[in-house]
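Heavy atoms only: backbone and side chains are in, while hydrogens, waters and symmetry mates are out. Remember, it's a predicted structure, so these values are computed and weren't measured experimentally. Naming convention: chains lettered A, B, ... in sequence-line order (proteins, then strands); numbering from 1 in each chain.
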Amino acid sequence: MKTSNFIRQIIDRDIANNKHNGRVVTRFPPEPNGYLHIGHAKSICLNFGIADDYNGVCNFRFDDTNPSKENIDYVNSIIYDVQWLGYAKDGNILHASDYFDQLYEFAVELIENGKAYVDSLSPDEIREYRGTLTEPGRNSPYRDRSIEENLALFTRMKDGEFPENTHVLRAKIDMSSGNINMRDPVLYRIKHESHPIAGDKWCIYPLYDFAHSLSDAIEGVTHSLCTMEFEDHRPLYDWCVENVSAPSRPEQTEFSRLSLEYTVLSKRWLTKLVEDELVAGWNDPRMPTLSGLRNRGYTNASILDFCERVGITKNFNEVEMSVLENCIREDLDYTAPRLMAVLDPLPVTIENYPEDEVDWLPAQNHPKRPELGNRKVLFSKRIFVERSDFLEDPPRKFFRLAPGAEVRLRYAYLVTCTEVIKDQAGNVMELRCRYDPESRGGFAPDGRKVRGTIHWVSQANAIESEVNLYDRLFTVPNPAGTKDADFAELINPDSLKVVNAMIEPQIESATPGTRYQFERSGYFVLASQNGDNEKPVFHRTVTLRDSWAKRN
RNA sequence: UGGGGUGUAGCCAAGUGGUAAGGCACCGGACUUUGACUCCGGCACUCCCAGGUUCGAAUCCUGGCACCCCAGCCA
């Protein structure tokens with residue numbers, strides 16, 4: 001059972017009062033006009049999680065009422081993502097378009113009861129008649145058409161006799177309402193477009209408020225949970241359900257949408273990132289989409305955990321990225337086997353190690369989980385170490401390589417740097433070191449303390465790989481809220497850095513999707529094994545915490 | 001007097017009249033062949049502000065203030 005929240009408290013109360021006969025039916029109603037992102041995950045976890053815990057059901061329903069924006073690729077990606085999170089595995093997928101016939105009948109019913117009319121104002125005129133936030137609207141001159149005339153017109157709309165934008169069906173509510181949604185909202189519009197599922201059967205399509213509320217009612221949804229921007233739609237939601245012969249009486253409750261620092265979580269901005277080619281696509285590992293996070297190496301468990309941690313309230317919130325990062329680190333610390341990988345290789349020659357000798361040293365795949373086994377790593381005269389693990393003029397407490405300093409090569413030997421070789425420009429090209437032959441495994445024979453342990457790979461058998469180092473997509477915490485900003489200029493230029501890394505040979509037999517911790521560096525996922533450049537490609541999911549970097 | 005909503009730590013978030021949970025972040029310190037992990041300790045005398053009710057208020061009342069959303073034939 002998940003942590004409680006105000007919505008679960010409402011449900012507890014409803015059950016105690018035997019409201020809806022104690023049933024709990026929720027729904028997740030995405031519009032297939034983009035990919036799902038982590039904000040959707042919050043809603044998915046809420047709706048499906050409640051259904052699971054209350055022995056209810058959560059209907060997975062596409063809100064496919066606008067064929068001009070929706071397509072089947074989006075549908076497929078959404079299904080995949082929901083199932084990846086672990087829900088809707090039964091494959092029972094519903095569509096608002098399944099109810100177009102019933103919805104049409106409800107509309108006719110409204111007309112027959114004098115509660116809806118066909119308006120023939122132009123879109124511009126409708127806007128003008130609607131008034132403003134502070135001034136009431138005016139009644140349309142077509143508002144008082146007779147029931148017969150409305151019925152005839154609506155039928156002709158359905159039969160395709162009119163071009164788009166010439167007529168709409170409107171609810172007859174109150175043009176002077178302070179709530180603009182109640183100023184005779186449009187219920188149906190003409191669209192001469194074929195629908196991915198309904199085909200060419202319709203040329204009029206219902207709008208959100210009408211379709212959504214009544215789809216809920218048709219399905220017997222009890223608790224319709226949505227985000228807060230729909231709060232002032234609730235009176236209209238209720239109006240629709242109350243003014244037709246709806247088979248049930250669902251109730252809408254709103255909660256705050258997720259917002260995450262240094263990224264954007266709105267369809268509009270995400271679509272723009274993709275269309276402007278600021279990212280490689282919806283599933284670019286820098287995107288907050290579920291497919292992007294998956295490519296980045298995030299596990300479904302880490303995302304579920306994250307959704308649990310951020311909670312459900314009506315507060316405005318802006319969650320720090322560190323919460324998400326903590327979730328994936330926690331998951332991968334336990335599950336990911338360790339490997340050594342040098343992301344920025346600096347050659348090192350062990351002066352006193354015999355040229356033709358090799359040594360296979362045992363290494364643990366996971367320091368806390370012996371059941372994950374051991375492996376042998378090759379040690380030889382020539383190795384690579386991380387360039388950032390050497391400093392010619394180190395600060396105090398720099399427990400790494402420096403001229404004259406001794407460090408432990410993990411699982412191997414204690415070595416001391418004896419010489420620094422530079423090119424003419426002064427760049428460090430290579431290090432010479434001497435090793436202590438008595439320190440095999442990294443143990444000092446005389447018990448002397450060696451604080452530093454660094455990772456390394458043998459030049460003889462390391463696999464060169466392409467590694468994509470990802471960082472936050474934007475340079476500012478709230479890019480969508482940055483006024484007058486050119487979106488492209490807010491992109492973090494270092495959000496992707498590609499490097500050639502040298503990695504232990506185990507990776508050659510790994511399949512894409514395999515995750516590792518590269519020791520002292522971070523968590524990485526194998527993205528492809530035989531890509532265009534023939535080299536394995538890794539994505540960095542997240543770095544390890546680095547208290548040294550933080551201090552300096 | 002347009003309508004709707006929200007204010008608890010740097011960021012999330014419990015709390016529902018009985019004396020401020022937890023997580024993330026941060027700061028110590030222990031351990032360490034990953035400067036990781038783990039472990040211990042610290043981190044709101046006060047809950048947007050001001051009055052009021054009460055033995056007692058983050059919780060109730062009154063009045064302010066700040067911020068967010070709404071004028072698509074989008075969802």
What is the nucleic acid contact for A/Y205, judged by heavy atoms within less than 4.0 Å: base, sugar-phosphate only, or nothing? nothing
Could you tell me whether A/D305 and A/R309 make a salt bridge, using a distance below 4.0 angstrom between a side-chain N and a carboxylate O? yes
When you measure from the side chain of A/Q252 to the backbone N and O of A/F230, does any donor-acceptor pair fall under 3.5 Å? yes
Given the P atoms of B/rG10 and B/rG51, what is the spacing between them in whole Å? 24 Å
Distance, P atom - from B/rU19 to B/rA13, rounded to whole angstrom: 24 Å
Please tell me if A/R545 has a side-chain N or O lying less than 4.0 Å from either OP1 or OP2 of B/rA25. yes
Heavy atoms only, 4.0 Å cut-off, all strands: where does A/Y129 land among base, sugar-phosphate and nothing? nothing
What's the CG-C1' distance between A/N165 and B/rC73, to the nearest Å? 6 Å
Is A/R451 side chain donor-acceptor paired with the B/rG35 base, going by distance under 3.5 Å alone? no
Checking ring-ring contact (aromatic ring centres under 6.0 Å, His included) between A/Y188 and each of A/F100, A/Y117, A/Y205, A/F154, which is the one that passes? A/F154
For a quick check of understanding: with a heavy-atom distance under 4.0 Å over all strands, which category does A/T132 fall into, base, sugar-phosphate or nothing? base
Would you say B/rA36 has OP1 or OP2 under 4.0 Å from some side-chain N or O of A/S547? yes
Taking atom C1' of B/rC24 as reference, at what distance in whole Å does atom CD1 of A/I328 sit? 16 Å
Any A/R268 side-chain nitrogen or oxygen under 4.0 Å from OP1 or OP2 of B/rC74: no
From the list B/rG2, B/rA25, B/rC73, which nucleotide is the closest neighbour of the side chain of A/P123? B/rC73
Taking the C1' atom of each, how far is B/rG42 from B/rA66, in whole Å? 32 Å
Between B/rU38 and B/rU34, how many Å separate the two C1' atoms, rounded to a whole number? 13 Å
Nucleotide nearest A/R127 when distance is taken to its side chain, options B/rG35, B/rA75, B/rA71: B/rA71
Is the backbone of A/W282 close enough, under 3.5 Å, to the side chain of A/T289 for a donor and an acceptor to pair up by distance? yes
A/K368 NZ to B/rC37 P, in whole Å, measures 9 Å
Centroid under 5.5 Å and tilt under 30°, A/Y208 to B/rA75: no
How would you label the glycosidic angle of B/rG72: syn (within 90° of 0) or anti? syn
Whole-angstrom distance between B/rC47 and B/rU32, as gauged at atom C1': 41 Å
To the nearest Å, how far apart are A/R183 CZ and B/rC73 P? 13 Å
Checking the side chain of A/T166 only, and the main-chain atoms of A/F162 only, is there a donor and an acceptor separated by less than 3.5 Å? no
Would you please confirm or rule out a distance under 4.0 Å between OP1 or OP2 of B/rA75 and any side-chain N or O of A/T65? yes
Charged tip of A/R369 within 45° of A/Y334 ring normal and under 6.0 Å: yes
Against the side chain of A/R189, the closest entry in B/rA75, B/rC70, B/rG35 is B/rA75
Rounded to whole angstrom, note down the P distance from B/rA21 over to B/rC45. 12 Å
Are A/F399 and A/W548 an aromatic pair, judged by ring center distance below 6.0 Å? no
Counting only side-chain heavy atoms from C-beta out, which of B/rA75, B/rU32, B/rC70 sits nearest to A/D232? B/rC70
Tell me: CZ of A/F210 to C1' of B/rC74, nearest whole Å? 17 Å
dist A/L258:CG -> A/E318:CD (nearest 0.5 Å) comes out at 9.5 Å
Judged by each residue's nearest nucleotide on RNA chain B, which is more toward the 5′ side, A/K550 or A/T134? A/T134
Atom pair distance, as rounded to whole Å: NZ in A/K69 and P in B/rA75: 8 Å
Could you give the distance from NE2 (A/H37) to NZ (A/K267), rounded to the nearest 0.5 Å? 6.5 Å
Please state how far atom NE2 in A/H366 lies from atom C1' in B/rC37, giving the value in whole angstrom units. 8 Å
Using whole Å, what does the distance between atom C1' of nucleotide B/rU34 and atom CH2 of A/W548 come to? 16 Å
Dump the pairs, protein N or O against N or O of nucleotides 11-16 of chain B, anything under 3.5 Å, distances to one decimal.
| residue | atom | partner | partner atom | Å |
| --- | --- | --- | --- | --- |
| B/rC11 | O4' | A/E320 | OE2 | 2.9 |
| B/rC11 | O3' | A/E318 | O | 3.1 |
| B/rC11 | O2' | A/E318 | O | 2.8 |
| B/rC11 | O2' | A/E320 | N | 3.4 |
| B/rC12 | OP1 | A/E318 | N | 2.8 |
| B/rC12 | O2' | A/V310 | O | 3.0 |
| B/rA13 | OP1 | A/T313 | OG1 | 2.6 |
| B/rA13 | OP2 | A/N315 | ND2 | 3.4 |
| B/rG15 | OP1 | A/Q9 | NE2 | 3.0 |
| B/rU16 | O4 | A/Q9 | OE1 | 2.6 |
| B/rU16 | O4 | A/Q9 | NE2 | 3.1 |

Nucleotide nearest A/K191 (side chain, heavy atoms from C-beta), chosen from B/rC24, B/rC74, B/rC70: B/rC74
Would you indicate what A/Y334 reaches in the nucleic acid, counting non-hydrogen atoms under 4.0 angstrom: base, sugar-phosphate, or nothing? nothing
Would you say B/rG72 has OP1 or OP2 under 4.0 Å from some side-chain N or O of A/R130? yes
Atom pair CG/CG of A/D174 and A/N139 - distance to nearest 0.5 Å: 8.5 Å
Taking any heavy-atom pair under 4.0 Å as a contact, classify A/L207: base, sugar-phosphate, or nothing. sugar-phosphate
Describe the nucleic acid contact of A/S266 in one word from base, sugar-phosphate, nothing, applying a heavy-atom distance below 4.0 Å. nothing
List the steps, then state whether salt bridge (charged side-chain N to carboxylate O under 4.0 Å, His left out) holds for A/R143 with A/D119. CA-CA 7 Å; A/R143 198 175 198 260; A/D119 197 1; over 6 Å; no
Mind checking the P distance from B/rC43 to B/rU1? Whole angstroms is fine. 50 Å
Take N1-N3 plus N6-O4 or O6-N4 for Watson-Crick, N1-O2 plus O6-N3 for G-U, both under 3.5 Å. Which runs of 3 or more such pairs involve RNA chain B? B:2-7 with B:65-70, B:10-12 with B:22-24, B:26-30 with B:38-42, B:48-52 with B:60-64
Intermediate values then yes/no, ring pair (Phe, Tyr, Trp, His ring centres under 6.0 Å), A/F524 and A/F518: CA-CA 7 Å; A/F524 295 76; A/F518 293 164; 4.3 Å; yes
Tell whether A/H233 reaches the base of B/rA75 with its side chain through a donor-acceptor pair below 3.5 angstrom. yes
Residue met sooner reading RNA chain B from 5', once A/Y523 and A/R329 are mapped to nucleotides: A/R329
Side-chain donor-acceptor pair under 3.5 Å between A/E386 and A/S388, yes or no? no
What contact category does A/P367 fall into here, base, sugar-phosphate, or nothing, at under 4.0 angstrom with non-hydrogen atoms? base
